[in-house]
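Given the structure is predicted, the values throughout are model-derived calculations rather than measurements.
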Amino acid sequence: MQVEGTDDDLDLLALGRQFEEIAANVHELHNPASPNDHLELVEAMLGRLEPIERAIMATPARTVAGLGVKARHAAYVMSEYWNAPIDQIDWDARAVRFLIEAVCDVACMPLSFSNFREDE
């Protein structure tokens, strides 16, 4: 699935909404204490998520909002960078994390995944 970018990023923003909805559902169903609970449903949702992620990566951002969609997706992909306080991750991860957070701030698209630590 590849979506043509427009000057207003409507396609990319729609992909971002789809991505956020499915990713939130996956997160709600995934239980680290019981990883096999809902396994088939989670795998099906991840299968739906993959073409949306590919389209987000392939669609050029033309606005700050579109760039925010890409930054939120990058944060999801690199979510392990938010598993520890910023002073406890390596230099490369810190640079990526600061960049993603700055883009999200400028785009007024805060990180929404529960493993992101808002207090750091």
Side-chain angles (χ1 to χ4, degrees):
M1 173 193 289
Q2 183 170 353
V3 179
E4 295 277 328
T6 63
D7 289 340
D8 57 10
D9 276 339
L10 289 177
D11 295 334
L12 190 53
L13 295 173
L15 287 166
R17 285 188 296 275
Q18 292 172 36
F19 170 76
E20 296 287 336
E21 180 182 330
I22 296 169
N25 289 336
V26 168
H27 179 75
E28 286 175 19
L29 288 174
H30 178 70
N31 181 355
S34 303
N36 291 328
D37 288 357
H38 310 291
L39 185 59
E40 289 181 23
L41 186 54
V42 168
E43 287 177 351
M45 283 188 212
L46 290 173
R48 288 180 44 217
L49 198 57
E50 192 230 346
I52 295 168
E53 289 185 89
R54 288 185 183 279
I56 288 171
M57 290 174 33
T59 304
R62 301 184 192 282
T63 65
V64 173
L67 192 58
V69 169
K70 289 182 163 283
R72 286 175 64 116
H73 174 256
Y76 176 83
V77 171
M78 305 305 295
S79 62
E80 68 272 10
Y81 291 175
W82 282 264
N83 289 342
I86 195 76
D87 61 347
Q88 294 179 10
I89 60 177
D90 68 32
W91 186 254
D92 296 344
R94 194 179 301 187
V96 170
R97 181 170 156 178
F98 278 140
L99 176 61
I100 289 170
E101 289 174 349
V103 170
C104 287
D105 285 347
V106 169
C108 298
M109 294 182 149
L111 296 173
S112 62
F113 307 104
S114 67
N115 62 330
F116 297 164
R117 298 170 187 232
E118 299 292 333
D119 58 332
E120 295 173 19

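Listed here is the closest heavy atom pair of Val69 and Met109: N-SD, 3.6 Å. Residues Ala75 and Leu111 come closest through the heavy atom pair CB-CD2, 3.6 Å. Closest approach of Leu15 to Ala55, counting heavy atoms only: CD1-CB, 3.7 Å. Across every non-hydrogen atom of Arg72 and Cys104, the tightest pair is CG-SG, 3.8 Å. A pairwise comparison of heavy atoms in Ala84 and Ile89 identifies CB-CG2, 3.9 Å as the closest pair.
Cluster membership for Leu12 and Val64, using ILVMFWY side-chain heavy atoms within less than 4.5 angstrom, is not shared. Residues Ile52 and Val42 are members of one and the same hydrophobic cluster, defined by side-chain heavy-atom contacts under 4.5 angstrom among Ile, Leu, Val, Met, Phe, Trp and Tyr. Clustering ILVMFWY residues whenever any of their side-chain heavy atoms sit less than 4.5 angstrom apart, transitively, puts Leu67 in a cluster other than the one holding Met57. Hydrophobic cluster membership differs between Phe19 and Val103, with clusters built from Ile, Leu, Val, Met, Phe, Trp and Tyr side chains linked at under 4.5 angstrom.
Taken from CG in Leu41 to CG in Asn25, the straight-line distance is 8.5 Å, to the nearest 0.5 Å. Distance check: Arg48 CZ to Ile22 CD1 gives 4.0 Å after rounding to the nearest 0.5 Å. Summarising the geometry, atom OH belonging to Tyr76 is positioned 5.0 Å from atom CG belonging to Leu49; distances are rounded to the nearest 0.5 Å.
Between the side chain of Lys70 and the backbone N or O of Pro60 there is no donor-acceptor pair closer than 3.5 Å. Although no hydrogens or angles enter the test, the distance criterion places no donor-acceptor pair under 3.5 Å between the side chain of Arg62 and the main chain of Asp9. Side chain of Arg94 to backbone of Ile86: a donor-acceptor contact under 3.5 angstrom is found.
The pair Arg17-Glu21 fails the salt-bridge criterion, with no side-chain N (NZ, NE, NH1 or NH2) lying under 4.0 Å from an Asp/Glu carboxylate O.
At least one side-chain heavy atom of Glu53 sits less than 4.5 Å from a side-chain heavy atom of Val77.
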*Using the side chain to side chain contact (heavy atoms under 4.5 Å, CB included) rule, take Trp82 and Ile100 through it: C-alpha gap first, then chi angles, then the decisive distance, then the call.*
CA-CA 11 Å; Trp82 282 264; Ile100 289 170; 3.9 Å; yes
